[in-house]
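Okay, so here's the structure we're looking at.
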Amino acid sequence: MVIDVPTTWMGRMKAQAVKTGRQIQPMADQARVVANQRIEDARYWAAPRLESTAHMFEDQVAPKVSAMLTQAARRIDPKPTRSRRWPVMILLTGLAVGTVGYMFYRRNAQQWTEHMKDSASDASRWVSEKADRTAESTDRMAARVSDQADETSRKFS
């Protein structure tokens with residue numbers, strides 16, 4: 001009868017440790033879901049702003065750069081002539097500036113997306129590591145309790 005008491009107590013401690021481990025898993029799963037939802041919300045928020053910024057760049061900055069380049073070309077030209085080339089140059093310069101702006105827009109959007117993925121990955125990894133540490137701590141506690149129960153059992157034998 002004396003041997004059954006520590007064994008039952010040890011069994012209850014192990015059951016409690018397993019129960020605690022099972023309780024932590026849903027929290028980790030929920031944290032992962034919430035992090036994914038936050039990332040998606042951020043992307044829905046940022047996408048229209050990035051697009052409007054790109055359009056603003058095309059509408060406001062590109063024409064100014066084009067005009068500046070045209071003016072610089074006129075200043076350095078030794079003999080200004082009236083030709084039909086300047087509208088084509090302005091068009092090509094505008095296209096070049098627009099292309100550069102679009103490339104910056106795409107690069108920044110991609111970097112932002114990668115950063116958000118990394119942030120979500122870090123949060124998920126943190127929750128997973130926290131769950132692993134808790135499980136390890138629970139296992140150590142259960143092993144310690146088991147050792148104590150074995151020692152107590154030996155004393156009563």
* Test side-chain hydrogen bond (donor to acceptor under 3.5 Å, both in side chains) applied to Asp29 - qualifying residues, sequence neighbours left out ->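 Per chain and number, Asp29 pairs via side-chain hydrogen bond (donor to acceptor under 3.5 Å, both in side chains) with Gln25, Arg32.
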The side-chain hydrogen bond (donor to acceptor under 3.5 Å, both in side chains) partners of Gln37 (sequence neighbours excluded) come to Asp41
Self-check item: Side chain Ser146, main chain Ala142, donor-acceptor under 3.5 Å
Solution: no
| query | Quick check: does any side chain N or O of Ser66 sit under 3.5 Å from a backbone N or O of Ala62, one acting as donor and the other as acceptor? | reply |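 Side chain of Ser66 to backbone of Ala62, a donor-acceptor pair under 3.5 Å: no, none is there.
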Point to revise | Val34 side chain reached by Arg38 side chain, heavy atoms, under 4.5 Å | key: yes
The residue among Val88, Leu95, Thr93 that forms side chain to side chain contact (heavy atoms under 4.5 Å, CB included) with Leu91 is Leu95
Inter-residue atom distance Arg140.CZ - Arg133.CZ, 0.5 Å rounding
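Arg140 atom CZ to Arg133 atom CZ measures 10.5 Å (nearest 0.5 Å).
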d(Gln71 CD, Arg74 CZ) to nearest 0.5 Å is 8.0 Å
Taking [atom1] in [X] as the centre, count heavy atoms belonging to other residues, nucleotides or ligands within less than 6.0 Å. Is the count above 12?
| X | atom1 | value |
| --- | --- | --- |
| Gln23 | CD | yes |
| Gln30 | CD | no |
| Arg49 | CZ | yes |

Using the rule given for side chain to side chain contact (heavy atoms under 4.5 Å, CB included), can you reason through Leu50 versus Tyr105, listing the C-alpha separation, both sets of side-chain angles and the distance that settles it, and then say yes or no? CA-CA 7 Å; Leu50 289 172; Tyr105 162 76; 3.4 Å; yes
